[in-house]
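Have a look at the structure below before the remarks.
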Amino acid sequence: MTKQNTISCVAETLKLLNIIAKFPNKGLSELTRLSELNKSRTFRILCTLTEHHFIYQTKDGSYQLGHQLLILGQAVHNQLSLIQAVENVSERLSLLFNENLQLRVIENNEVVQIWRKVSSQSLQVRSMVGNRRPLGAGAAGKLLLAFAEQSVRESFLVTCSQEQIQQWERDCSQIQQDGLSISKGELTQGVCAIAVPIFNTQGQCIASFSMSIPDVRAEDAKLVQIITEMKQAAEKISTLLGYKK
């Protein structure tokens with residue numbers, strides 16, 4: 001990455017945050033010296049970090065890391081644990097079916113892809129890590145909506161008509177009962193997707209684990225086998241994360 005692609009104020013903020021991590025309990029003057037920034041700029045950055053709880057100022061005026069970093073650290077730990085569990089289990093699915101696999105989570109009422117395993121077949125469904133789509137769209141989006149917390153579902157349904165709400169409630173109930181969601185040609189014509197839920201130790205659905213298959217390879221007998229294997233894989237991943245039925 002070149003310097004032309006970086007933002008100087010963000011780089012300065014991260015530099016200062018790393019300094020506080022390495023040298024806690026330093027005041028404004030010392031942090032100004034260590035960061036090699038002017039005092040006014042250092043103060044503004046410290047105020048911003050404090051406002052967002054990345055650091056806090058003690059009674060003697062020095063600075064320490066804040067609780068927001070603990071929250072981010074736990075989120076990183078959870079995602080790394082999740083991806084490691086998925087990696088451990090997904091190999092069998094790739095050997096059996098050689099189709100694209102995806103892992104998606106809810107973020108800010110959207111569905112974002114955080115992992116993928118790519119098929120080696122020439123005809124395949126391509127989706128990139130970081131790809132976003134609306135909650136409720138596609139197999140993964142519907143599954144995550146169905147297993148989401150009540151507040152998330154209520155926020156989603158607030159713009160729907162009464163008829164749409166009743167249909168969504170029926171769909172979500174069916175997905176919960178089946179333990180999976182299937183879409184055919186909904187987001188991409190000629191593509192079938194199967195999504196299953198991943199649960200954490202608290203029994204919360206934290207991700208959708210899905211497989212995308214071109215229709216030409218999605219014969220009924222094969223889909224039955226895929227569904228069985230995907231459900232078993234999701235159970236194994238959830239167990240690795242500490243989930244118990």
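Residues F54 and I20 have side chains not in contact (no heavy-atom distance under 4.5 Å, counting atoms from C-beta outward). A 4.5 Å side-chain heavy-atom check between I206 and F199 finds every atom pair outside the cut-off. Under the 4.5 Å side-chain criterion, counting only non-hydrogen atoms from C-beta, Q64 is not in contact with I55. With contacts defined as side-chain heavy-atom distances shorter than 4.5 Å, the pair F97/M211 qualifies. A heavy-atom distance below 4.5 Å is found between the side chains of K26 and F23. Inter-residue side-chain proximity for D215 and V191 is flagged as unmet; no heavy-atom pair is nearer than 4.5 Å. Using a 4.5 Å cut-off on side-chain heavy atoms (C-beta onward), M230 and L101 make contact. Between L123 and R217, the closest side-chain pair of non-hydrogen atoms falls below 4.5 Å.
N98 and S120 share a donor-acceptor pair across their side chains, judged by distance under 3.5 Å alone. When only modelled atom types and interatomic distance are considered, S40 and R44 share a side-chain donor-acceptor pair under 3.5 Å. Side-chain contact annotation: Q113 with R104, donor-acceptor N/O pair under 3.5 Å present. N88 and Q84 are not linked by any side-chain donor-acceptor pair at a separation below 3.5 angstrom, with hydrogens and angles left out of the test. Side-chain contact check for Q102 and S210: at least one donor-acceptor pair (N or O, by modelled atom type) lies under 3.5 Å. Side-chain atoms of S62 and Q57 form no donor-acceptor pair, as typed in the model, at a separation below 3.5 Å.
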Open item on the list: Apply side-chain contact (heavy atoms from CB on, under 4.5 Å) to residues Y243 and N200 and explain how you reach the verdict.
Closed with: CA-CA 5 Å; Y243 173 68; N200 65 9; over 6 Å; no
TODO: Could you please spell out the steps behind the side-chain contact (heavy atoms from CB on, under 4.5 Å) verdict for F147 and Q176?
DONE: CA-CA 7 Å; F147 285 97; Q176 291 171 355; 4.2 Å; yes
TODO: Start with the C-alpha distance between I198 and L241, add both sets of side-chain angles, then the distance that settles side-chain contact (heavy atoms from CB on, under 4.5 Å), and finish with yes or no.
DONE: CA-CA 9 Å; I198 305 297; L241 296 175; 3.7 Å; yes
- [ ] Begin from the C-alpha positions of I213 and I194 and carry the test side-chain contact (heavy atoms from CB on, under 4.5 Å) through to its verdict.
- [x] CA-CA 8 Å; I213 313 110; I194 298 170; 4.3 Å; yes
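Across every non-hydrogen atom of S35 and I19, the tightest pair is CA-CD1, 3.6 Å. Nearest heavy-atom pair across A207 and L143 is O-CD2, 4.4 Å. In terms of heavy-atom proximity, C192 sits nearest to L223 at SG-CD2, 4.1 Å. Nearest heavy atoms, S161 versus Q164: N-OE1, 2.8 Å. Heavy atoms only, all atoms of each residue included: S238 and P197 are closest at OG-O, 4.2 Å. Shown here for S181 and K142, the closest heavy-atom pair between the two residues is OG-CB, 3.8 Å.
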When the side chains of residues 128-138 are checked against the rest of the protein, which donor-acceptor pairs come out under 3.5 Å, sequence neighbours left out?
unit_1: R132; atom_1: NH1; unit_2: E107; atom_2: OE2; d: 3.4
unit_1: R132; atom_1: NH1; unit_2: E110; atom_2: OE1; d: 3.1
unit_1: R132; atom_1: NH2; unit_2: E107; atom_2: OE2; d: 2.2

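A salt bridge links E91 to K117: at least one charged side-chain nitrogen sits closer than 4.0 Å to a carboxylate oxygen.
Here the options are K236, K222, R92, the test is salt bridge (charged side-chain N to carboxylate O under 4.0 Å, His left out), and the partner is E229; only R92 passes. When each of I237, I114, V112 is checked for a side-chain contact (heavy atoms from CB on, under 4.5 Å) with L103, only I114 meets the rule. Under the side-chain contact (heavy atoms from CB on, under 4.5 Å) test applied with L46, the options T32, L17, L16 reduce to a single match, L16.
With a 6.0 Å radius and a threshold of 12 heavy atoms from other residues, nucleotides or ligands, E149 has its CD atom at or below the threshold. Around the CD atom of E163, the shell of radius 6.0 Å holds no more than 12 heavy atoms that belong to other residues, nucleotides or ligands.
Of the possible donor and acceptor atoms, none in the side chain of N100 sits under 3.5 Å from a partner among the backbone N and O of S212.
W115 and F209 have tilted rings, their planes meeting at an angle from 30° to 60° on a 0 to 90° scale.
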